[in-house]
There are 2 protein chains.
Amino acid sequence: MSIEASAKRTRVRRSPEAARENILAAAEALLIEKGPQALKLADVAAAAGVVHATVLHHFGSIADVHTALMERMIRQLVAQILEADDPDEPAATRAESGARMLFDAFESRGAARLAAWLELTGESRRLTLVREAVNEVVANRLAPKGLDPAAAEDLVLVSVTLAMGVGLFGDSLAELMGKPPGRTRELAANLLRGWMAAFSAGLIR
Amino acid sequence: MSIEASAKRTRVRRSPEAARENILAAAEALLIEKGPQALKLADVAAAAGVVHATVLHHFGSIADVHTALMERMIRQLVAQILEADDPDEPAATRAESGARMLFDAFESRGAARLAAWLELTGESRRLTLVREAVNEVVANRLAPKGLDPAAAEDLVLVSVTLAMGVGLFGDSLAELMGKPPGRTRELAANLLRGWMAAFSAGLIR
DNA sequence: GCTTCTATTGACATTTTTGTCGGTAAGACC
DNA sequence: GGTCTTACCGACAAAAATGTCAATAGAAGC
């Protein structure tokens with residue numbers, strides 16, 4: 001019943017890359033605000049200011065939007081970690097800041113929820129980008145500290161797994177147990193510190 | 001085109017409790033085999049040998065089936081942990097077996113995937129059962145070992161979070177990184193051990 | 001201005017999934 | 001055997017979600 005019911009929308013014609021970027025940025029905002037289950041074709045399109053057929057034209061399917069977004073977020077995270085790395089900083093502080101970024105990305109930025117979604121829908125197998133992302137962090141950030149590459153990969157594997165667990169279930173679990181928000185993250189950080197301390201002290205392995 | 005196309009099915013009339021149990025057991029098998037996204041009304045009903053309207057009659061909605069199943073699995077896990085607890089066993093072994101059950105439940109039994117599903121769909125808030133489940137484990141299993149209740153709750157919180165992370169992402173992440181399956185779980189167990197060792201040695205906290 | 005290319009659109013088709021409703025039959029109780 | 005309760009069924013309704021397709025309109029090149 002709107003007066004403008006039959007008004008045609010004025011088109012914006014973007015380059016393919018700009019169009020994809022526009023859509024992915026909108027999808028990321030949607031992910032952070034409402035979670036991955038809100039990444040429906042119609043919703044993503046509306047947030048990006050286009051029609052859902054346009055999204056399909058650029059990505060082929062909604063699943064491809066999901067994986068493209070996940071890859072984009074992985075690249076952002078890796079870039080952020082490498083960029084923020086200050087060789088002058090003491091090793092302990094550098095480890096702390098790396099862990100903080102990891103937790104932030106998976107917790108507040110929604111990466112853990114998107115990853116869980118991909119895992120549940122079986123789309124995670126296509127994320128071959130993960131391997132090179134890990135290699136990049138290991139080679140540029142952990143190996144220079146004199147860490148054995150294999151041990152560094154293990155450290156990344158547990159850290160990421162833990163950070164995803166915290167990002168996904170941390171606050172809900174804490175709330176269900178009557179603990180303050182952020183408590184799980186606190187304990188998880190402590191867990192990693194304790195492990196590294198025990199490792200250095202030769203208590204394990 | 002089937003010859004028996006219009007054959008009426010012979011009804012089995014169960015008690016309400018038996019009917020619910022039948023449906024939940026079928027749903028659990030489905031969960032383990034295909035994951036939570038396969039827990040659709042029609043699929044659960046088919047697996048249980050009833051019509052989907054029957055499922056709705058007993059649970060009201062498909063979301064209620066999900067939470068009922070999650071609660072059932074939580075109860076099973078708690079019962080299993082308390083039951084298998086042997087006071088004669090050395091403390092270290094008891095901790096190991098508790099951790100093993102936790103990892104098994106969340107990994108192979110599908111609890112982590114269901115929990116993630118509930119988390120993503122916003123249904124996890126209704127799992128008030130969690131609190132009493134934790135209390136039960138703390139009171140009957142951890143406190144008797146002379147552990148401070150608050151510390152015991154913290155231990156449960158991190159352990160469960162970590163186990164969920166492993167159960168959900170462990171194998172996929174390991175595979176994406178070219179590690180053998182089970183590697184993530186191995187590292188996670190080591191992480192917990194190291195933490196406790198560091199704690200005992202006074203290296204942290 | 002004219003042509004070409006294709007990003008974008010609107011309308012339609014289809015599938016999947018959840019939920020409603022009136023009627024039917026199994027089994028308990030008398 | 002008769003009655004009553006309600007677990008169960010079949011058919012239908014409706015919404016949500018993905019995807020197809022022909023037509024349109026920016027923008028660049030000539």
Side-chain angles (χ1 to χ4, degrees), chain A residues 2 4-27 30-31 34-69 114 117-118 120-123, chain B residues 2 4-27 30-31 34-69 114 117-118 120-123:
Chain A
S2 159
E4 299 291 339
S6 62
K8 305 261 180 180
R9 64 165 79 193
T10 43
R11 299 186 182 182
V12 244
R13 189 189 174 101
R14 284 172 253 251
S15 71
E17 308 78 46
R20 284 177 61 99
E21 170 58 28
N22 172 50
I23 291 167
L24 289 181
L30 214 48
L31 167 69
K34 301 189 177 179
Q37 81 288 358
L39 295 181
K40 304 297 183 186
L41 212 34
D43 298 332
V44 170
V50 294
V51 144
H52 79 267
T54 301
V55 176
L56 287 175
H57 173 73
H58 288 288
F59 290 92
S61 76
I62 187 64
D64 285 328
V65 175
H66 296 155
T67 61
L69 178 56
L114 179 55
W117 184 264
L118 295 181
L120 293 178
T121 54
E123 296 165 34
Chain B
S2 161
E4 299 293 339
S6 63
K8 305 260 179 182
R9 64 166 79 194
T10 43
R11 299 187 182 183
V12 244
R13 188 189 175 102
R14 285 171 254 251
S15 71
E17 307 79 45
R20 285 177 61 99
E21 170 58 27
N22 172 50
I23 291 167
L24 288 182
L30 253 183
L31 167 68
K34 302 189 176 179
Q37 82 287 357
L39 296 181
K40 305 296 183 187
L41 214 32
D43 298 333
V44 170
V50 295
V51 145
H52 80 268
T54 300
V55 176
L56 287 174
H57 173 73
H58 287 289
F59 290 91
S61 76
I62 187 63
D64 286 329
V65 175
H66 296 155
T67 60
L69 177 56
L114 180 55
W117 183 265
L118 296 182
L120 292 178
T121 53
E123 296 164 34

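The figures here come from the full heavy-atom set of this structure, side chains too, leaving out hydrogens, waters and symmetry mates.
- Using a 4.0 Å cut-off, no side-chain N or O of T54(A) falls inside it from OP1 or OP2 of dA7(C).
- With sequence neighbours left out, the side-chain hydrogen bond (donor to acceptor under 3.5 Å, both in side chains) criterion links S15(B) to E17(B).
- Between R20(B) atom CZ and dA7(D) atom P there is a gap of 11 Å when expressed in whole angstrom units.
- The heavy-atom pair separating R20(B) from A68(B) by the smallest distance is NH2-CB, 4.2 Å.
- A heavy atom closer than 4.0 Å to some atom of DNA chain D occurs in R11(B), V12(B), R13(B), R14(B), P16(B), these being the qualifying members of residues 10-18 of chain B.
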Test side-chain contact (heavy atoms from CB on, under 4.5 Å) on L69(A) and F59(A) and set out the steps. CA-CA 11 Å; L69(A) 178 56; F59(A) 290 92; over 6 Å; no
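- Scanning for side-chain contact (heavy atoms from CB on, under 4.5 Å) contacts around H52(B) gives L41(B), A45(B), L56(B), with sequence neighbours left out.
- Contact between L30(A) and A47(A) at its shortest, heavy atoms only, is CD2-CB, 4.4 Å.
- The side-chain hydrogen bond (donor to acceptor under 3.5 Å, both in side chains) search around D43(B) returns none, not counting sequence neighbours.
- The list of side chain to side chain donor-acceptor pair (under 3.5 Å) pairs with a residue in residues 58-67 of chain B, not counting sequence neighbours, reads S61(B)-D64(B), D64(B)-R126(B).
- Nearest heavy-atom pair across V55(B) and V65(B) is CG1-CG2, 3.8 Å.
- Every side-chain hydrogen bond (donor to acceptor under 3.5 Å, both in side chains) that E21(A) has, sequence neighbours left out, goes to R72(A).
- Taking atom NE2 of H52(B) as the reference point, atom C1' of dT16(C) lies 12 Å away to the nearest angstrom.
- Scanning both residues, L31(B) and L39(B), for their nearest heavy atoms gives N-CD2, 4.0 Å.
- For DNA chain D, the residues of residues 37-50 of chain B within the heavy-atom distance limit of 4.0 Å (strictly under) are V50(B), sorted by number.
- Listed by residue number, H57(A), H58(A) are the residues of residues 55-64 of chain A with a heavy-atom contact under 4.0 Å to DNA chain C.
- E123(A) is linked by a side-chain hydrogen bond (donor to acceptor under 3.5 Å, both in side chains) to T121(A), counting only residues two or more places apart in sequence or in another chain.
- Within the 4.0 angstrom heavy-atom criterion, base atoms lie near A53(A).
- Remark: A48(A) engages N22(A), I23(A), A26(A), V50(A) in a side-chain contact (heavy atoms from CB on, under 4.5 Å) (not counting sequence neighbours).
- Pairs passing the salt bridge (charged side-chain N to carboxylate O under 4.0 Å, His left out) check and including a residue from residues 44-58 of chain A, sequence neighbours excluded, do not occur.
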Give me, pair by pair, the N or O atoms of the protein and of nucleotides 13-15 of chain C that are less than 3.5 Å apart, along with how far apart they are.
none

